[in-house]
Amino acid sequence: MSEQSYEPNMVLSTKEFDVVGKRPLRHDGVDKVTGRAIYGADVSMAGLMHGAVLRSPHAHARIKSIDTSKAEAHPEVRAVVTSTDFVDPGDKAVDLGEGLTRLSYIRNNVLALDKVLYRGHAVAAVAAASLHDALEALKLIEVEYDLLPPVLTAPDAMKEDAPLLHENLRMTEFGRPTDKVSNVSDHFRHEKGDIEQGFAEADLIVEREFDTSTVHQGYIEPHNTTALWNNDDRIHIWTSTQGPFTIRDTTAAILDKPVSQVRVTPTEIGGGFGGKIPVYIDPVAALLSNKSGHPVKIVMSRAEVLEGTGPTPGSHLKIKMGVKSDGTMMAAQAWLAYEAGAYPGAMVVPGGMCVFAAYDIPNVTIDGYDVVVNKPSTAAYRAPGATNAAFATESVVNEIAEKLGIDPLDLRLKNASKEGTRRADGPKFPRIGCLEVIEAMKNHPHYSAPLEGPNRGRGVAVGFWFNAGLPSACNIAVNPDGTITLVEGSPDIGGTRTSVAMQAAEVLGLPAEKVSPSVVDTDSVGFTAVTGGSRVTFSTGLAAIEAARDVREQMIQRAAKIWGVESDGVEFRKGVFHLKNGTENRMTFSELAAQIATTGDPIVGRAGVNPPGVGGSFSGNIVDVEVDPETGKVTILRFTAFQDAGKAIHPSYVEGQMQGGSVQGIGWALNEEYFMNAEGKMMNSSLLDYRMPTSLDLPMIDTVIIEVANPGHPFGARGVGEANIVPPPAALANAINNAVGVAMNRLPMNPVAVMGAIWEKNGATD
Amino acid sequence: MPRRVHVQTTINGEEIDFLCEARQSLLEVLRDVLGLTGTKEGCNDGNCGACTVIFDGRIVTACLVLAVEAEGKQITTVEGIAVGRELHSIQQCFLEGAALQCGICTPGFIVAAKALLDQDNNPSEDKIRLWLANNLCRCTGYDKIVRSVQAAAERMQEVR
Amino acid sequence: MPIVFIPAAMKELTAGAAEIRVGGSTVREAVAELEAAYPGIRDWLFEDNRLKPNIAVAVDGVVSPIGLLQHVDENSEVHFVAAISGG
Amino acid sequence: MQWFEYARPGTVDEAVRLLSEHGEKACVLAGGTDILVQLRGGFRAAEWVIDVKEIPALDEIAWDEASGLTIGAAVPCYRIYEDEDVKKLYPGLIDVASLIGGTQIQGRASLGGNLCNAAPSADAVPIMIALEASCRIAGTNGERTVAVEDFCTAPGKNVLAAGELLVSLHFPAPKANSGAHYLRFIPRNEMDIAVAGAGVSVVLDNGNFTSARVALASVAPTSLFVKQAGDALAGQPVSDESIQRAADIAKQAAKPIDDMRGTVRYRKHLCEVLTRRALHVAVERARRNN
């Protein structure tokens with residue numbers, strides 16, 4: 001498009017502030033454009049050894065023996081470890097940031113004990129003077145395996161005669177343990193209303209099945225860690241992680257040490273998207289350090305990242321929806337089976353909570369199955385579980401709209417969830433922006449723009465993510481020059497130093513540039529949960545607001561002391577302290593800050609929060625595509641992303657989240673997949689063949705930020721990191737269908753798949 | 001001790017010599033021997049562009065160059081893009097345009113974009129996208145990167 | 001009195017009742033009353049004398065960070081939902 | 001990575017001497033975009049890496065009307081697509097030089113390396129076959145010349161004996177009213193391996209094909225020269241029908257496999273589509289050269 005008659009990035013602002021909503025430069029920006037920022041792999045120290053991990057070449061096998069003697073004899077090798085080097089503290093249930101799991105699962109995933117459950121499963125590790133030597137030494141480790149048949153998909157793993165990954169895994173059903181040994185670790189159900197009655201009252205019922213492939217978060221920076229097990233038995237870890245406290249707690253649990261003995265310094269982090277929450281190599285590096293007496297650094301290769309860390313689940317889904325002929329949704333049923341990978345914990349629980357979240361439907365049943373398969377143990381990925389579910393639901397909703405001859409956005413408006421709508425899992429929605437997002441989509445010039453030419457089509461879809469609150473801590477100190485230093489524990493993956501600093505600045509009437517934010521180690525700030533769940537700008541932001549209010553109160557008291565009045569005689573407006581009652585006495589923040597040292601104690605604000613009032617976020621896409629009917633290749637012509645941000649604290653980085661999430665959704669939709677052979681080997685474990693979108697595969701990603709204030713945040717903010725990845729696959733499926741008349745029910749919708757669907761539609765035999 | 005090779009080269013305008021093993025890549029030597037850790041490793045097989053450097057006037061991925069090949073060459077890394085305390089227009093525009101989120105791909109993009117603007121000060125959006133297609137970014141969806149390169153091109157034209 | 005919502009899959013514990021009015025001013029007190037009336041509720045919700053880590057308490061639609069300590073009033077709706085965070 | 005020694009010979013003779021001295025234990029380094037990945041991944045072993053980029057004969061582009069175009073085996077892609085003679089006379093070569101890898105890869109990768117690597121998916125090979133290119137090979141017993149279509153023998157294998165070095169590639173001067181084009185299909189728009197590719201050349205005369213050549217990528221163990229597809233066009237009028245026939249022949253000739261990049265059916269189908277589309281572009285180019 002050469003002439004743009006519209007604004008590519010719009011903010012539908014509902015409330016203005018002094019700092020919040022502006023676009024200051026990010027505080028860590030200069031270091032990141034000059035190459036000075038220190039990421040995990042950049043960490044270096046005297047005596048550093050390089051670690052490397054031996055990984056299973058088999059997807060499912062029993063380990064008969066591991067002989068490390070030849071590797072140990074290698075002249076450059078300083079240490080070799082296997083799972084027998086862990087002290088076994090016994091098993092227990094632990095909650096390490098991403099819900100409940102068993103410690104044994106995490107420990108066995110870090111280094112396999114008796115079985116390998118996926119190709120790429122870590123088996124042993126070495127530390128040597130150089131990485132080249134460490135890699136050569138890995139070849140000297142002899143592992144004897146008894147091969148077992150692998151099972152690679154949820155439907156296969158659920159069969160009665162399927163090979164079992166865990167001989168003692170008993171299914172939990174409806175919240176209670178059963179005696180059934182199975183690859184299904186959990187079966188849950190949400191019910192609302194009377195599903196039979198609902199379908200009986202429907203005029204149109206659409207029922208479809210869908211499959212989605214395993215996909216990876218695809219952060220550009222591989223996992224890395226440097227561990228020093230010091231002579232005083234304290235362990236210091238420098239690592240690239242979304243959750244330094246999670247790494248601390250998990251590593252301590254695995255090594256059976258008190259958390260106080262583990263200190264984690266989060267380095268700059270090169271992307272995570274949920275994938276850098278679990279622990280992989282940190283305890284291994286710690287063991288190697290303990291054995292060698294040196295600090296040990298491990299950096300994964302790209303193949304290790306793809307084969308040995310947690311992608312997000314592939315899934316098999318069935319959706320059935322019934323509507324009145326006027327479009328009123330009467331009943332909806334979902335059957336969701338997600339592949340957890342090697343250990344229980346597929347993202348099917350949130351998938352079940354999101355699958356019909358956008359709609360107010362009186363009768364709903366949702367069944368979810370958490371299924372282990374011989375693939376890497378899965379991890380969160382941006383609105384985990386929701387994208388799979390929305391692909392299915394939104395595809396069915398689009399089909400209903402087409403069958404009823406109703407505009408797909410009108411159908412959604414008619415049934416949209418709103419404040420007070422009861423969700424299928426029970427609670428009522430608080431204030432949400434579902435309607436407002438859909439209305440903004442309808443009103444956008446993209447939706448009414450003509451789309452001409454053959455094989456072109458337009459698609460829409462909406463998505464939802466709950467977002468998280470969880471604990472955050474923050475300290476603020478006032479400097480004599482009128483600036484403040486802000487200390488937080490949330491690794492900054494996308495500009496959150498600035499979005500957090502801006503909230504403190506707003507409270508104190510300062511420009512954002514007068515805040516100096518730092519992300520510090522686990523010994524230097526109060527417990528802070530992961531940078532995940534779209535929570536940092538909300539929760540750590542709230543901590544910053546509270547800490548800033550604490551500073552403001554102390555500053556008011558100090559001004560009152562200086563002026564010799566009670567503190568209620570001082571008023572603070574826009575960065576200036578005023579003496580009430582008519583006099584001209586005023587002090588700017590800087591003027592007062594300069595007097596702190598001579599008028600009393602240093603001023604330090606602090607806050608720890610665990611906020612309720614999390615605001616969920618709705619999102620939507622309008623996408624235009626052109627399909628080459630001879631190759632099945634999909635070209636995106638135009639893409640507009642919509643999302644409710646509550647209040648966009650820093651609109652540029654909100655847009656960035658929307659654009660990045662959209663493009664990850666596009667990659668998931670069109671090309672990304674774990675292409676496994678029958679033996680469970682990933683055939684495309686490189687960035688050449690795991691096809692993430694390049695700059696040449698995309699148009700500009702236009703954005704519309706909708707602001708439906710979250711009552712649970714002083715400025716109205718909602719987390720914006722995740723909901724944006726949810727709609728693209730369904731919107732693209734819809735657009736492809738609109739372009740060439742084929743309903744795609746499987747991700748990825750790559751050229752082979754689209755061509756196959758076109759052939760099937762045309763009845764072509766060759 | 002295995003035989004090491006002595007290499008003389010020029011990095012960011014400074015003559016440098018180092019010892020390396022023949023099997024070490026330029027990326028390894030930049031990062032581990034010379035401490036120039038601004039050049040990042042994302043894949044080590046030429047497919048992500050995070051290790052992009054300018055090598056005798058052309059951008060290459062440093063993971064696919066042997067360090068011994070640096071003999072007598074002129075190399076520019078991200079550390080050599082700013083002039084003294086003055087950020088390059090591309091760096092400034094990346095900051096102003098919010099063209100980075102996690103920042104791990106940023107050095108590669110900045111080096112690649114500089115090489116582009118050095119040879120074409122008014123590239124089309126398509127040309128920018130094609131030129132940068134060997135640089136993967138997973139955070140931004142490229143929109144703000146492309147816009148920031150366009151903005152830098154405009155700014156560099158104004159300066160001239 | 002607050003209303004505790006019983007998920008369909010748990011209704012066999014409550015003789016089929018889906019919504020139960022109980023006394024108490026915190027979730028913990030409400031659960032204690034519920035257990036007294038319908039033994040088995042605690043086993044579903046608790047492990048090691050605390051709420052299972054994969055279960056969260058939502059009062060009036062808002063997931064409570066303090067769980068069992070959350071105050072409930074006369075008209076509160078109490079749900080036990082899955083605890084999730086995200087990516 | 002495995003330990004190896006490095007040598008940078010300055011002449012063909014010196015390179016040949018090193019290669020014959022170390023035999024199977026030596027490998028040649030030009031742009032390194034394939035070989036370094038293979039050495040690092042352990043797919044290939046070498047104790048000596050012989051860097052041939054500084055040998056003048058491997059590093060030059062030369063054109064004259066009588067003998068045609070010579071491209072040194074180690075000349076990186078960007079120098080090919082920035083060369084004025086190549087731009088004017090061999091647009092088909094520009095097609096491939098500008099689509100191998102991305103900008104960074106094109107700063108290093110060479111046509112010679114693409115050929116020696118002998119991947120079934122090599123993008124440069126089909127167009128070189130279509131352009132009737134030949135390979136100048138130096139060895140201890142002097143030089144020999146091999147047609148490009150005879151150079152690769154199996155995936156990763158070629159006709160070079162131990163001690164032999166590919167020096168340069170030769171392209172005959174383009175005939176009047178000729179045109180060529182390479183078209184590949186990839187799921188992304190850059191940075192991808194051809195699912196299938198078609199390199200074609202045509203020579204026209206008064207609305208008829210005088211001759212044509214068609215070669216395919218990624219649908220056989222080596223780049224596939226489909227002589228019968230080109231022969232079917234010779235003497236035929238330039239028309240949708242004649243082009244379609246040639247495309248159908250290409251499709252029948254393809255012997256692809258199922259893998260992560262495509263199925264047999266899909267790849268055979270692509271051979272028809274790509275050959276047809278490439279021929280139309282080649283015809284357009286031939287007409288413009290009138």
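Here is how names work: the chains are called A, B, and so on, in the same order as the sequence lines, proteins then strands, and each is numbered from 1. Source: prediction; values computed, not measured.
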Taking only heavy atoms into account, what residues of residues 59-78 of chain C are found under 4.5 Å from chain A? C/G61, C/V62, C/V63, C/P65, C/E77

Contact winner vs chain C - A/G426, A/A386, A/G420, A/P427, heavy-atom pairs under 4.5 Å: A/P427

Nearest-0.5 Å distance, CZ of residue A/F174 to CD of residue C/E12: 9.0 Å

In Å and rounded to the nearest 0.5 Å, what is the CG to CG distance from C/N54 to A/D186? 8.0 Å

Side chain, backbone, both or neither of A/P611 within contact of chain C (heavy atoms, under 4.5 Å): backbone

Minimum heavy-atom separation for C/A82 and A/M353, please, with both atom names. CB-SD, 3.8 Å

Heavy-atom contact with chain C under 4.5 Å, split by part of A/F273: backbone

Taking the side chain as everything from C-beta on, heavy atoms only, tell me whether A/R176 gets closer than 4.5 Å to C/L13. yes

Taken to the nearest 0.5 Å, the spacing of C/S85 OG from A/N467 CG works out to 10.5 Å

Answer whether the closest heavy-atom distance between the side chains of C/I84 and A/W465 falls below 4.5 Å. yes

Name all pairs fulfilling the salt bridge (Lys or Arg N to Asp or Glu O under 4.0 Å) condition that reach into residues 608-619 of chain A, sequence neighbours left out, sorted by first residue then second. none

Side chain to side chain donor-acceptor pair (under 3.5 Å) filter on A/Y343, not counting sequence neighbours, yields none

Going by the rule side chain to side chain donor-acceptor pair (under 3.5 Å), which residues pair with C/H79 if we only count those two or more places apart in sequence or in a different chain? A/R422

Please check: side-chain N/O of A/Q217 versus main-chain N/O of C/G87, any donor-acceptor pairing under 3.5 Å? no

Of the backbone (N, CA, C, O) and the side chain (C-beta and beyond), which part of A/E173 lies under 4.5 Å from a heavy atom of chain C, both, or neither? neither

